[in-house]
Each structure stands twice: as structure tokens, then as C-alpha cells.
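Whatever order the structure lists ligands and atoms in, that order sets their numbers, starting from 1.
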Amino acid sequence: MNLRQLWNDIPKWKFLLLFIAMIGAGFDGIIMSQVFSSVSKFSKNSTLNQVTIFIIYSIGFYILIELSALIKSLLQNDILKNLNEEYKMKVIKSLAAKEVENRDVAQSISTLTIDLKLIEDKYFSLIFNCTYYFILGLISMIYLLYLSPSIALLFIVFSFLPMLPSMVFGKYLKTATDDYTAANTNFIRNIKDLFQGYSVIETYGAFSTFFRRSQDSVENLETKSQVMSNRHAIVGIFSSVFSWFSYMFPLAVALIFVINGKLEANTVIALLLASDRVIYPFRNVSEYLRIIKSTESTRENIASLIVNSDVEKLENSLADTMIAPEIVIEDLSFGYNGEEKLFSDININISYGEKVLITGKSGSGKSTVLDLIQRVLMPNSGDIYMIDEGRKINNQAQAMARIQQAPYYFELSLRDNLIMELEGVSDEVLFDILNKLGLLEELGQSCLSENYGENGALLSGGQKQRIEIACALIHDKKILLVDEGTSSVDKKSSKKIRDIFFKSDMTVIEVAHHYDEDRKNNYDSQIEISDKHLTMDKI
Ligand SMILES: Nc1ncnc2c1ncn2[C@@H]1O[C@H](COP(=O)(O)OP(=O)(O)OP(=O)(O)O)[C@@H](O)[C@H]1O
């Protein structure tokens with residue numbers, strides 16, 4: 001994320017208007033200097049009329065300056081709003097497009113809330129402020145040159161003094177910002193654990209352990225924040241001292257000119273007032289450049305996140321319409337992180353409509369097989385793909401629905417949870433499926449418009465699982481991956497669900513974590529995992 005990208009992201013006509021408003025507001029120094037240095041022109045010979053005209057002009061000009069400043073702020077806020085919207089959406093999409101092993105909820109929340117806020121406050125805003133202060137300083141500088149070129153040159157040269165500390169201490173500040181960002185990610189991770197794992201912590205009475213961890217992460221976060229503020233304060237003091245020098249040296253020379261009769265005292269006052277509008281804007285520019293530089297790592301992270309994410313993959317991932325896909329596993333080998341292989345040289349075909357039970361010891365890799373079929377994980381070698389009416393299909397995940405042990409439920413109405421992006425689904429169709437799964441009876445006739453809370457807090461585990469199954473049926477998924485899918489469901493509902501599975505045309509691949517000989521009879525085939533091999537047999 002750099003200036004050129006920023007320039008491309010801003011509508012040019014808005015920037016032009018902003019630039020004009022900045023020039024208007026940039027006359028602030030000249031007006032103030034003219035007004036106060038004119039005071040010495042009044043004497044006992046001046047009339048009340050002259051005083052009135054002077055005051056009216058002074059107020060009039062100042063109102064014009066303030067109006068320009070207001071327009072500048074409004075335009076700047078509008079551009080910032082658009083930039084924030086654009087970057088937030090880019091980051092949200094890029095985070096969503098990350099590979100599953102790189103997805104980290106705490107890191108993502110931190111990027112969206114802290115990093116982007118940092119970029120808004122310490123990059124976008126400051127770029128505009130820098131531009132404004134640069135214009136203000138430049139206009140006042142031209143006015144100084146008009147008043148007295150030689151003294152003005154001195155003021156100008158010394159106005160660069162306050163920039164020195166930021167150049168010298170740039171790296172010192174950047175490391176403090178990086179440390180703060182890392183501490184913040186750690187803090188969010190800790191809080192996420194505390195609330196997501198609340199019931200486990202409650203069961204084991206481990207609140208003091210988690211509070212201690214929270215205490216450590218809060219302490220670390222606040223310490224890093226304090227270090228960052230302290231470092232900015234120290235560098236700020238250096239800048240202030242240097243900026244005081246930048247007034248005093250040229251003032252001393254100007255006073256020597258006055259003593260020698262080469263300069264009027266009121267011109268020195270005008271010079272001093274106008275120089276304030278050169279020195280402080282340039283001091284701000286230098287301070288802002290220092291802060292902007294301190295955001296470099298954060299900007300680089302966000303830029304690489306945006307550049308490296310294949311967002312189009314998500315947006316153009318409309319499913320191929322499939323008729324009767326067959327799953328082909330060809331010479332597949334897989335091991336986590338490239339380490340020891342969990343399976344090697346697997347060759348298996350699963351026909352459309354086949355009902356398959358996957359069995360094997362705990363840790364043998366049953367859930368991993370589902371991840372590979374769904375392409376949540378990619379094989380180390382070999383391939384898993386689908387053949388539908390002779391066509392090889394690549395984006396196979398879209399043909400499948402996975403019924404999970406703890407399904408996620410969105411904080412939307414039940415209707416929205418069920419239809420997602422599907423169009424033209426009538427409530428009658430939804431009611432029919434909910435009824436078959438025993439949900440209509442439990443949730444009532446008005447259930448479609450109900451919002452069942454964060455992650456479906458007002459639903460039971462079994463109800464959430466059945467809603468997920470309803471979703472798969474509504475979307476006409478051709479393959480159902482069931483990870484001990486009916487584990488939270490009572491016997492009666494479980495039978496209902498299985499009847500629907502077994503009567504449907506869908507391919508059903510179910511992992512049985514708890515092996516039960518009776519269950520086998522309902523399936524067409526069994527995949528047994530043992531000694532890194534998968535053997536598939538008809539039942
Ligand atoms: N993300 C991961 N990174 C590294 N190793 C993993 C990961 N997920 C699982 N494993 C390991 O891979 C092996 C297979 O895990 P998997 O969950 O597929 O087994 P499973 O047969 O479904 O087990 P269970 O029946 O106990 O649920 C286990 O030894 C597990 O520790």
C-alpha cells in the first residue's frame with residue numbers, strides 16, 4: 001500500500017476540490033499576520049470608521065478561511081469514508097480467500113479492527129493532513145519572501161530543523177508500533193479462547209488460570225501501547241525544542257536588522273507571525289511523515305494480503321450443474337505439513353448415489369479423508385476429482401455439503417440460513433423439508449422468520465445439524481459428507497434423518513467415529529482405514 005495506489009483509489013475530481021479548499025484554508029497565516037501586524041499602524045489620529053472597517057475586513061477574511069477549512073474537512077472525511085469502505089471490503093474478501101491452514105480468526109479480527117484503523121488514522125488521514133500543512137507552509141513561505149527575502153530565507157532554512165528528530169528516530173518508532181500490533185493479536189487470541197471455550201473453562205473451574213493469562217496479555221498490550229506513546233512523546237519533545245530554535249535564531253538576526261535600522265519592528269512581527277505558519281506546518285509534516293513511516297509493516301502486510309489472495313476464486317465460483325458425479329481418488333498420498341504420510345497410493349472410485357461408511361481407529365485419518373474429498377486439504381501427490389457425464393470437474397466442493405459435528409449457524413433468519421444465495425425457493429418447499437426432518441413440529445409455523453441468536457444459541461445441537469441437512473437438500477447437493485453427523489440427535493430423529501439419506505439419490509459418505517456393526521447394513525460400501533491404506537469393500 002503506497003502513495004501511487006492511494007492516488008489510484010481516490011476520485012480525481014474530489015481530490016481537485018479538496019486541493020482548492022486546502023489552498024483557500026492555506027491563507028490562514030497571511031490573514032493572521034496581516035491583521036496583527038496592522039495594529040501598529042493605528043494611532044491617536046486614526047478614526048472610529050477606520051477601526052470598524054479594519055475589524056469587519058478581518059472578520060470577513062477569517063470567515064472565508066474557516067469556510068474553506070470546513071469544506072476541506074468535509075471532503076477529506078468523504079474521501080476517507082470511501083477509502084475505508086474499499087479497503088475493509090478488500091481485506092474481508094482477501095481474508096475469506098485465504099487457504100484454510102492460514103485462516104486465523106484472532107488475526108483476522110485484529111487486521112480488520114486494529115490494523116485498518118491504524119491505517120485510517122496514521123496513514124490515510126495523515127497523508128491528507130501532510131498535503132494541507134505543506135500547502136499552508138508553502139503559501140506562508142511565499143508571503144515571508146515577499147516581506148523580507150533575507151530573513152525569510154533564514155526562517156525557511158531553520159523551519160527544516162524540527163524534521164530532524166523524525167528522520168533520526170524513524171526506526172525506533174516503527175519497532176514500537178510493530179510490537180504493539182503483535183501484542184494486540186495475542187490479546188484478541190486470548191479473549192477469543194476465553195469466550196469460545198467458556199463452557200470448558202467452567203467445567204474445569206479454570207477461570208483463574210484464564211484470568212491470569214488474560215492479565216498477562218492485557219499487561220503486555222498496555223505496556224507495548226505505553227512504550228509506543230512514550231517513544232512518540234520523546235521524539236515529539238525533540239521536535240518541539242528544535243522548532244523553538246527554528247524561531248529564535250532567525251528572530252535574533254531580524255532584531256539585529258531592526259537595531260541597524262534595516263527593518264521595521266512591525267515587519268518583524270508580521271514575519272514572526274507568518275513564520276509560525278511555516279514552521280508549525282512543516283513541523284507537522286515531519287511528524288506525520290514519521291508516523292506514516294511507522295505504519296510501513298502494517299501497510300505491507302495488508303498489501304500482500306490483498307495482492308496474494310485469489311478473491312476471484314470466491315466470487316466466480318458458481319457451481320457447475322452436476323447430474324450424477326462419481327468421485328475418483330487416484331494415486332493419492334497425504335501427510336500433514338509434508339510430514340509422515342497418513343495415507344499412500346490410494347485408488348478408489350465412489351459411484352453416484354453410493355452410500356459409504358468410513359471406519360478406522362481413532363486418529364487413523366477418517367475426518368482427513370472427508371477434508372481431502374471436499375478439497376479443504378490438498379493431496380501431497382495424486383488427485384481427487386469428480387467425473388460427471390464424462391466431464392472432469394475441478395471445483396468439486398460446490399457439489400458437496402458437509403454435515404458437521406458442531407455446525408455453524410448464522411445470526412440471520414432461518415429462511416436466510418437455509419436458502420443462502422438460492423433464488424426462487426418458496427416457503428412451501430422449505431416447510432416440506434423442515435417437516436420431513438421433524439423440525440417444523442419442534443420450531444413452529446413461524447420458524448422461517450425467526451432469528452435464533454448468535455451461532456444458533458436458541459437451537460439445540462441436533463436441530464442445528466438437521467437444519468444443515470435441510471440446507472443440503474434444498475440446494476440439491478449431490479454428495480453429502482457426514483462427520484458422525486447425527487451425533488447430537490436423539491434416536492427418533494436420527495432414524496428420520498437416516499431414512500432421508502438412504503432414500504435420496506445423493507452419494508452419502510459418512511465417517512463413523514464409533515464403530516457399530518449394526519450400522520453397516522444400511523450402506524452399500526465400507527472404506528476401512530488401517531496401516532496408511534484405504535480398502536473399499538461392498539457390504
Ligand atoms: N491440522 C492438522 N495438522 C496436523 N496433524 C493433524 C491435523 N489434523 C489432524 N491431524 C492428525 O492426523 C491424524 C488423523 O486425524 P483425523 O482427525 O483425520 O482422524 P480420525 O480418524 O477422524 O480421528 P477420530 O476418529 O479420533 O476423530 C491424527 O493423528 C491427527 O493428530
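When hydrogens are left out, the protein atom nearest atom 24 (P) of ligand 1 is His513 ND1, 3.3 Å; that is the closest non-hydrogen contact. Among protein heavy atoms, the minimum distance from atom 26 (O) of ligand 1 is reached at Ser362 OG, 2.6 Å. The protein atom (non-hydrogen) at minimum distance from atom 20 (P) of ligand 1 is Lys366 N, 3.5 Å. Residue, atom and distance of the protein heavy atom nearest to atom 3 (N) of ligand 1 are Tyr336 CD2, 3.4 Å. Of all protein heavy atoms, the one closest to atom 18 (O) of ligand 1 is Thr368 OG1, 2.5 Å. Atom 17 (O) of ligand 1 has as its closest protein heavy atom Ser367 CB, 3.8 Å. The nearest protein atom to atom 19 (O) of ligand 1, hydrogens excluded, is given as Gly365 N, 3.4 Å; this is a heavy-atom distance.
Counting the atoms of ligand 1 from 1 in the order shown, those under 4.0 Å from a heavy atom of Lys361 are 21 (O). Annotation for ligand 1: atoms under 4.0 Å from non-hydrogen atoms of Ser364 are 21 (O).
Comment: Asp505 does not engage Lys355 in a salt bridge, judged by the lack of any side-chain N to carboxylate O separation of less than 4.0 angstrom. A salt bridge between Glu468 and Lys464 is absent, with no side-chain N of the basic residue lying under 4.0 Å from a carboxylate O of the acidic one. The existence of a salt bridge linking Arg391 and Asp388 is confirmed by a sub-4.0 Å separation between a basic side-chain nitrogen and an acidic carboxylate oxygen. Salt bridge status for Lys538 with Asp524: absent, with no side-chain N to carboxylate O gap under 4.0 Å. Look at Asp115 and Lys117 and you find no salt bridge, because none of the NZ, NE, NH1 or NH2 atoms lies under 4.0 Å from a carboxylate O.
Heavy-atom distances between Gly360 and ligand 1 stay at or above 4.0 Å for every pair.
Contact annotation for atom 30 (C) of ligand 1: protein absent (non-hydrogen atoms, distance under 4.0 Å).
Below 3.5 Å of separation, one finds an N or O of Gly363 facing an N or O of ligand 1.
Minimum heavy-atom separation, Leu430 to Ile474: CD2-CD1, 3.3 Å. Closest approach of Phe128 and Leu18 over heavy atoms only: CD2-CD2, 3.7 Å.
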Practice task
Determine, stepwise, if the pair Glu287 / Arg290 fulfils salt bridge (charged side-chain N to carboxylate O under 4.0 Å, His left out).
Solution key: CA-CA 5 Å; Glu287 190 167 333; Arg290 162 171 65 78; 3.5 Å; yes
